[in-house]
Student: 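Below you will find the structure I want to go over with you.
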Amino acid sequence: MLKRISLFAFLNIALLGFSQQYNIPAVSPRQTIDQQFSITKISVDYGRPAVKGRKIFGELVPFGQVWRAGANEASRITFGQDVIFGGQKVKKGTYALYVVPQEKEWKVILNKGVNNWGAYTYDAKDDVASTTVPVKYVNDKMERFTINFEDITDEKLNLVFEWDKTRADVPVEIQNVEETLQIINHLKDIKKVEGEIKKKSEAKK
């Protein structure tokens, strides 16, 4: 009997330690992506729901209604410098990211409600900027909702949304292009000088 009790206690301790090391897989795992952009970066934090055989746009995500652009709490995007988002000037900072999907186009919104849970407390009065972009239909299905960056240069990139066989791209550009490019050139010069100083220092050793 004592052996059984000891074994039971041992198993409980072992299972407790195991559970502290691992987590139950999330239905819509959270992801944070950072992208170096110009002299700073852009970050996106969002939940990634899966298709799981469902019809997404037009059913699970109704057309014409504000959607959280992911799952659970509101998706958030952070700009490290002032940008032009879909043609509109936006100050650096963190914003909630919302979408109003339609069959042929999406309205993509930046909103001040960064602590909102999904779109339940969304308030259009807190909108900072919005842009409408065309929808593209692709052959390869994206099982989990994905936000990514493509076509990246020193001056601009595309913020890309993909889920199921639907894709939408939002152009993002830096403000004050000439001044920023000058800063980039100065930074390159500084790096070059630092490299030369390092070589001289190593040669003296």
Student: Mark yes when over 12 heavy atoms from residues, nucleotides or ligands other than Tyr137 sit less than 6.0 Å from its OH; otherwise mark no.
Tutor: yes

Student: Does Asp127 pair with Lys125 as a salt bridge, N-O distance under 4.0 Å?
Tutor: no

Student: Determine whether a donor-acceptor pair (N or O, by modelled atom type, separation under 3.5 Å) exists between the side chain of Ser75 and the backbone of Arg68.
Tutor: yes

Student: If hydrophobic clusters are built from ILVMFWY residues whose side chains come within less than 4.5 Å, do Leu110 and Ile33 share one?
Tutor: yes

Student: Please check if Val114 and Val44 belong to a single hydrophobic cluster, counting links between Ile, Leu, Val, Met, Phe, Trp and Tyr side chain heavy atoms closer than 4.5 Å.
Tutor: no

Student: Do Leu157 and Ile42 come within less than 4.5 Å of each other through their side chains, counting heavy atoms only?
Tutor: yes

Student: State, yes or no, whether a side-chain contact exists between Phe85 and Val108 at a heavy-atom distance under 4.5 Å.
Tutor: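 When only atoms from C-beta onward are counted, Val108 and Phe85 do touch, with a gap below 4.5 Å.
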
Student: Any link between Val83 and Phe149 through a network of hydrophobic side chains (Ile, Leu, Val, Met, Phe, Trp, Tyr) touching at under 4.5 Å?
Tutor: yes

Student: Could you tell me whether the side chain of Lys52 reaches within less than 4.5 Å of the side chain of Glu143, counting heavy atoms only?
Tutor: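 Glu143 reaches Lys52 side chain to side chain.
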
Student: First locate atom CG of Asn158, then atom CD of Glu173, and finally report the distance between them rounded to the nearest 0.5 Å.
Tutor: 9.5 Å

Student: Are the side chains of Ile77 and Ser43 in touch, meaning some heavy atoms are under 4.5 Å apart?
Tutor: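 No - every pair of side-chain heavy atoms lies 4.5 Å or more apart.
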
Student: Evaluate the criterion side-chain contact (heavy atoms from CB on, under 4.5 Å) for residue pair Arg30 and Glu73; output intermediate values, then yes/no.
Tutor: CA-CA 10 Å; Arg30 202 77 184 174; Glu73 62 262 40; 3.5 Å; yes

Student: Decide whether Ile109 and Val90 are clustered together by the hydrophobic rule: side chain heavy atoms of Ile, Leu, Val, Met, Phe, Trp, Tyr closer than 4.5 Å, transitively.
Tutor: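 No, it is not one cluster - the side chains of Ile109 and Val90 are not joined through contacts under 4.5 Å.
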
Student: If we count only N and O atoms by modelled type, under 3.5 Å, do the side chains of Arg48 and Thr146 hold a donor and an acceptor together?
Tutor: yes

Student: Just so I know, are the side chains of Gln88 and Ser130 near enough to count as touching, which here means a heavy-atom distance under 4.5 Å?
Tutor: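 When only atoms from C-beta onward are counted, Ser130 and Gln88 do touch, with a gap below 4.5 Å.
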
Student: Under a 3.5 Å distance rule, please check whether Asp82 uses its side chain to pair with a backbone N or O of Gln175 as donor and acceptor.
Tutor: no

Student: Hey, is the main chain of Gly118 close enough, under 3.5 Å, to the side chain of Tyr98 for a donor-acceptor pair?
Tutor: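 Yes: the side chain of Tyr98 pairs with the backbone of Gly118.
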
Student: Is Val138 reachable from Val99 through a run of hydrophobic residues whose side-chain heavy atoms are each under 4.5 Å from the next?
Tutor: no

Student: Do Lys104 and Val135 have side chains that get closer than 4.5 Å, going by heavy atoms?
Tutor: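 No - every pair of side-chain heavy atoms lies 4.5 Å or more apart.
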
Student: Could you check Val66, Asn116, Asp123, Leu97 and say which one makes a side-chain contact (heavy atoms from CB on, under 4.5 Å) with Asn111?
Tutor: Asn116

Student: Please determine which of Leu159, Val160, Asp45 meets the side-chain contact (heavy atoms from CB on, under 4.5 Å) test together with Ile147.
Tutor: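 Only one of Leu159, Val160, Asp45 forms a side-chain contact (heavy atoms from CB on, under 4.5 Å) with Ile147, namely Leu159.
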
Student: If you look at every heavy atom in Ser28 and Pro49, which pair is closest and at what distance?
Tutor: OG-CA, 3.4 Å

Student: To the nearest 0.5 Å, what is the distance between CZ (Phe79) and NZ (Lys41)?
Tutor: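 One finds 14.0 Å between CZ of Phe79 and NZ of Lys41.
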
Student: How far apart are the C-alpha atoms of Glu162 and Lys141, what are their side-chain angles, what is the distance that settles it, and do they pass the salt bridge (charged side-chain N to carboxylate O under 4.0 Å, His left out) test?
Tutor: CA-CA 9 Å; Glu162 294 181 277; Lys141 184 175 79 172; over 6 Å; no

Student: Between Arg144 and Trp163 (side chain of the first, backbone of the second, donor and acceptor by atom type, cut-off under 3.5 Å), is there such a pair?
Tutor: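 Absent.
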
Student: Whether the Tyr95 and Asp126 side chains hold a donor-acceptor pair (N or O, under 3.5 Å, no angle test) is what I'd like checked.
Tutor: no

Student: Measure the CD1-OG1 distance between Ile56 and Thr166 for me, rounded to the nearest 0.5 Å.
Tutor: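 Here the interatomic distance stands at 9.0 Å.
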
Student: Do Val170 and Phe161 touch side chain to side chain, with heavy atoms closer than 4.5 Å?
Tutor: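 Yes, their side chains come closer than 4.5 Å.
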
Student: Roughly how far, to the nearest 0.5 Å, is the CG atom of Asn115 from the OG1 atom of Thr121?
Tutor: 9.0 Å

Student: Kindly assign one of parallel, tilted or perpendicular to the pair Trp106 and Phe57, based on the angle between their ring planes and the thresholds 30° and 60°.
Tutor: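 Correct class here is tilted.
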
Student: Side-chain contact, heavy-atom cut-off 4.5 Å: Gln35 with Ile152?
Tutor: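 SC-SC contact between Gln35 and Ile152 confirmed.
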
Student: Using the ring centroid of each side chain, check whether Tyr46 and Phe145 are separated by less than 6.0 Å.
Tutor: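 They qualify: ring centres under 6.0 Å apart.
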
Student: When rounded to the nearest 0.5 angstrom, what is the spacing between NZ in Lys92 and CD1 in Ile174?
Tutor: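 It is 14.0 Å, given to the nearest 0.5 Å.
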
Student: Between the side chains of Gln81 and Thr40, does any donor sit under 3.5 Å from an acceptor?
Tutor: yes

Student: Rounded at 0.5 Å granularity, tell me how far CD in Gln102 sits from NZ in Lys107.
Tutor: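 These two atoms lie 10.5 Å from each other.
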
